[in-house]
Student: 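Pasting a structure here, questions to come.
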Amino acid sequence: MDRKEMQNTRLYLLAAFLVLALTAYLFVLYDVQVIHHEKYAAQAVRSIVRPEKVEASRGILTDRNGKPLVSNRSTYNLTFDADLLRPGDDGNGAILRLVQLCQQEGVAWNDNLPISRLAPYRYTVDQLDGQQKKLFLAYLKTLKPCAEALGQFLLRHPEAISAPEPEMEAEDPSAPEPSPEKRAQALLERLSVADLTADLLVEAGVTPAQLIGAMRQELDIPEDYTMTQARMVLGVQYELSVRKLDNYAAYVLAQDIGTPFISLLSDGNYAGAKVTLSSVREYETKYAAHVLGYVGSIGIEDDYPSLKKKGYDYDDLIGKEGAELAFEEYLKGRDGRRMVSTNSEGKVTGEYYYTEPVPGNIVELTIDLDFQAQVEGFLEETVTRLNADGDEKRGAGAAVVKVGTGEVLALASYPSYDLATFRRSENYAAVSTDPRSPLFNRATIGKYPPGSTLKPFTAMAALLDGKVTLTEKIKDTGKWVYPRDENSFSWCWKRSGHGNQTVTQAITNSCNYFFSELGYRMTMDGLREYLVQFGLGEKTGIEIPETAGLLPENPQGQDQAPWAAYGQGTQLYSPLQLANYIATLVSGGEHCQAHLLKAVKTYDNSEVVAVGNTEPVNRLDISSDYLNAVKLGMKGLVEGTLSPYFRSCVVTAGAKTGTSQVQADTKNHGVFVCFAPYDDPEIAVAIAIERADAGAALASTAVNILNAYFTPSEDGLAVTGENQLLP
């Protein structure tokens, strides 16, 4: 082959190589652009764009006239997200810088690692709530040295586990016995939150120092970090780790940060840090704390797996008490999602929404804020006056219900607390340990013997059951004796007796003799049947926690009906139950469910989502003659014994006092019920004050409540129409 032919051969080979290379290139290009276009496009997007949650604001709570009770205040949170760290970034160093900045600027950061932050390092496991304990236990099981130490300890002390051993199927006798390692693992899996204590960990050899050592090794904490620095970093790493257990990376390091702190973050280029817009609950009133309730972190009692399916993240807040809890489904907004693009340096270069956030709904409650404030004030004044006797632990509850609908217009409990400061740690400790029990809602959970406030009920029940007539007169001799049992008797408060009494007169005179006789005729079964129909001894249906009360019962071989008929015996009811029973009575027998929900509207007020149920639960067939007779008896008390108090009342009313004995050496509770206006009742009121000695002592408080409702202030009901949102 000559030289020329050799050159041509080389050219052919080079051309063939170029053709092959071009063909391969075109094939790869076709594969990327056509065959696997969607796959590689998604990978490319993920490399420069990341999804991000956009928090929806929580719905607001208003009173029946649109006045805001609980709203939101815009704020900023500091979030640490390990996904924002660039290749080559030192994650531990980034965390240390960030936490040291918080420490320097006095910004509190979230750290639930249950080891004290400073030496000597001690466990704080026993201070964790249920959800935090659950996460800590799950985390311990992921740390091999800790899991092994706990497993070996449980092998030696299986009694440390409170949960019973699960029943196993009959094992094959020839099967080999499980190894100690497998038995230890099975015991560790059975270890529950209830068993996890600081003492157990220390006894198992998992001391705070040993746990810190295991975590330092697991999380690659540099050896040159001091113990203090390591503990600070481990607190954040722990929070990130427990979130990874649930596939949730970002974590809110600090909440409600100020603009000066944000400026420092921006100027310092803190890796992994991100400032996000958020909101916190703003309490527009110091009243109705027991009605409104509060929000808090998701706890073990909240069933997080179910909440996660509904769109909740671990760091979200959720209603814990009161209306915040009762109407959570309406108040919770729907979080949005957006895609955020960043450059190689982590700077945001663009963003767009693919799901817009939807704020929570407006929940309009039945209470009237101005009226609620006045009722709380009257309770406080009365209790303060009574406390001159030195009894500083006295409490009180009051309920005002709208007749014919069951709407709760005011619900007051004294002492109360301020929601605006309650969640701060120092205030929470003071309130929760106060011996007066301000967290206890006496209006719905407090249980009190009704005393003579039950007499209008007994009169109506006996009339409806045919056990007495409107014209029948029963002669009160002062001492009612159980038929054929001289040793069983009941004294009337007037030992000389009231003489002949009709139903109306017996209510006015509060004649124990008369009602003992009616109770005997009714029997306990008959009384209980009507008590339930009037809503006593069962929950009223209100959306916040309440007691079902307690119906009277006969001890074995005894008939307590004659005493139960005028409010004695074992029966106990809440002020709300008593108010609702009076509302049922004076409405002519329409027993409605007590409720706080007036309406739910979309955040822009454009649509009504739900309304409260005002339909009667059941109806009693009360004739006008029966109703007038009972009401007249209650009016007679107002115009007679209680006239010194009711002279100043701006409306004609009916009332009944009650005195319930607690124990021989303690002052009696005072109970009071009333309704107004007399001719066409609009509201029913019930008040209970502990150790007030007599129900009549509450009359002035009741008059103040009636006057407040029927002479509203200029900025109250007289000016503001319902269903309007005020600024």
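Numbers here simply count residues along the sequence, with the first being 1.
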Student: When rounded to the nearest 0.5 angstrom, what distance separates CG in N580 from SG in C592?
Tutor: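 If we round to the nearest 0.5 Å, N580:CG and C592:SG are 7.5 Å apart.
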Student: Scan the side chains in residues 516-526 for donor-acceptor partners under 3.5 Å anywhere in the protein, sequence neighbours excluded, and list what turns up.
Tutor:
residue : atom : partner : partner atom : Å
S516    : OG   : S490    : OG           : 3.4
S516    : OG   : N512    : O            : 2.9
S516    : OG   : P562    : O            : 3.4
E517    : OE1  : W480    : NE1          : 2.9
E517    : OE2  : R521    : NE           : 3.0
R521    : NH1  : K467    : O            : 2.8
R521    : NH1  : E472    : OE1          : 3.1
R521    : NH1  : E472    : OE2          : 3.1
R521    : NH2  : E472    : OE2          : 2.9
T523    : OG1  : G526    : N            : 3.3

Student: Quick check, are the ring centers of Y581 and H591 under 6.0 angstrom apart?
Tutor: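 Ring centroids of Y581 and H591 are no less than 6.0 Å from each other.
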Student: Evaluate the side-chain proximity of I367 to L69: yes if any heavy-atom separation is below 4.5 Å, no if none is.
Tutor: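 They are in contact (side-chain heavy atoms under 4.5 Å apart), so the answer is yes.
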Student: Name each donor-acceptor pair under 3.5 Å that joins a side chain in residues 675-685 to protein atoms two or more places apart or in another chain, with its distance.
Tutor:
residue : atom : partner : partner atom : Å
Y678    : OH   : L632    : N            : 3.3

Student: Check whether T366 reaches the backbone of L409 with its side chain - one donor and one acceptor, N or O, closer than 3.5 Å.
Tutor: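 Such a contact is absent between T366 side chain and L409 backbone.
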Student: Nearest 0.5 Å, please: how far is CD1 in I362 from CG in N605?
Tutor: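 Interatomic distance, N605 CG to I362 CD1, rounded to 0.5 Å: 4.0 Å.
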Student: Strictly distance-based, threshold 3.5 Å: is any side-chain N or O of E546 a donor or acceptor partner for the main-chain N or O of T540?
Tutor: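 Yes; at least one donor-acceptor contact below 3.5 Å.
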Student: Grab the two heavy atoms, one from A655 and one from F672, that are nearest each other, plus how far apart they are.
Tutor: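 Here A655 and F672 meet closest at CB-CZ, 3.6 Å.
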Student: Short question: side chain of R442, backbone of S413 - any donor-acceptor pair under 3.5 Å?
Tutor: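 It does not hold such a pair.
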Student: Please answer whether the main-chain N or O of R436 pairs with a side-chain N or O of D434 as donor and acceptor at a distance below 3.5 Å.
Tutor: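 Flag set: sc D434 to bb R436 pair under 3.5 Å.
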Student: Once you round to the nearest 0.5 Å, how far does NZ of K539 lie from CG of L576?
Tutor: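 Atom-to-atom, K539:NZ and L576:CG are 12.0 Å apart.
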Student: If you round to the nearest 0.5 Å, how far is NZ of K656 from CG of L585?
Tutor: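 NZ of K656 is found 13.0 Å from CG of L585.
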Student: Is there a side-chain contact between H498 and W493, using heavy atoms and a 4.5 Å cut-off?
Tutor: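 They are in contact (side-chain heavy atoms under 4.5 Å apart), so the answer is yes.
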Student: Considering only heavy atoms from C-beta outward, does the side chain of R394 approach that of D389 to under 4.5 Å?
Tutor: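 With C-beta onward as the side chain, the pair touches.
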Student: Hey, could you give me each pair passing side-chain hydrogen bond (donor to acceptor under 3.5 Å, both in side chains) that has a residue in residues 620-632? Not counting sequence neighbours.
Tutor: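 Of all non-adjacent pairs touching residues 620-632, none passes side-chain hydrogen bond (donor to acceptor under 3.5 Å, both in side chains).
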Student: Does the side chain of V703 come within less than 4.5 Å of I705's, by heavy atoms?
Tutor: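 No; the side chains remain at least 4.5 Å from each other.
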Student: Which residue pairs satisfy the ring-ring contact (aromatic ring centres under 6.0 Å, His included) criterion with at least one member in residues 434-461, sequence neighbours excluded?
Tutor: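 Checked against ring-ring contact (aromatic ring centres under 6.0 Å, His included) - neighbours excluded - the pairs reaching residues 434-461 are Y448-H669, F457-F534.
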Student: Please name all residues satisfying side-chain contact (heavy atoms from CB on, under 4.5 Å) with K473, sequence neighbours left out, ordered by chain then number.
Tutor: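 Counting only residues at least two positions away or on another chain, K473 forms a side-chain contact (heavy atoms from CB on, under 4.5 Å) with N500, T502.
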Student: Determine whether a donor-acceptor pair (N or O, by modelled atom type, separation under 3.5 Å) exists between the side chain of Q577 and the backbone of L536.
Tutor: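 Absent.
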Student: Does the side chain of Q505 reach to within under 4.5 Å of the side chain of C511, using non-hydrogen atoms?
Tutor: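 The answer is no; the side chains never approach within 4.5 Å.
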Student: Under the side-chain hydrogen bond (donor to acceptor under 3.5 Å, both in side chains) criterion, do Q533 and N618 qualify, and how do the steps go?
Tutor: CA-CA 7 Å; Q533 291 187 58; N618 62 275; 4.8 Å; no
Student: Quick one: which residue pairs count as a side-chain hydrogen bond (donor to acceptor under 3.5 Å, both in side chains) with a foot in residues 637-649, not counting sequence neighbours?
Tutor: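 Sorted pair list comes back empty.
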Student: Report the residue from V70, D418, T421 that forms a side-chain contact (heavy atoms from CB on, under 4.5 Å) with Y283.
Tutor: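 Only one of V70, D418, T421 forms a side-chain contact (heavy atoms from CB on, under 4.5 Å) with Y283, namely V70.
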Student: Among N387, T701, N704, which residue meets the side-chain hydrogen bond (donor to acceptor under 3.5 Å, both in side chains) test with T382?
Tutor: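 Among N387, T701, N704, the one meeting side-chain hydrogen bond (donor to acceptor under 3.5 Å, both in side chains) with T382 is T701.
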Student: Between R495 and W491, is NZ or CZ placed under 6.0 angstrom from the six-membered ring centre and within 45° of the ring axis?
Tutor: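 That pair qualifies as a cation-pi contact.
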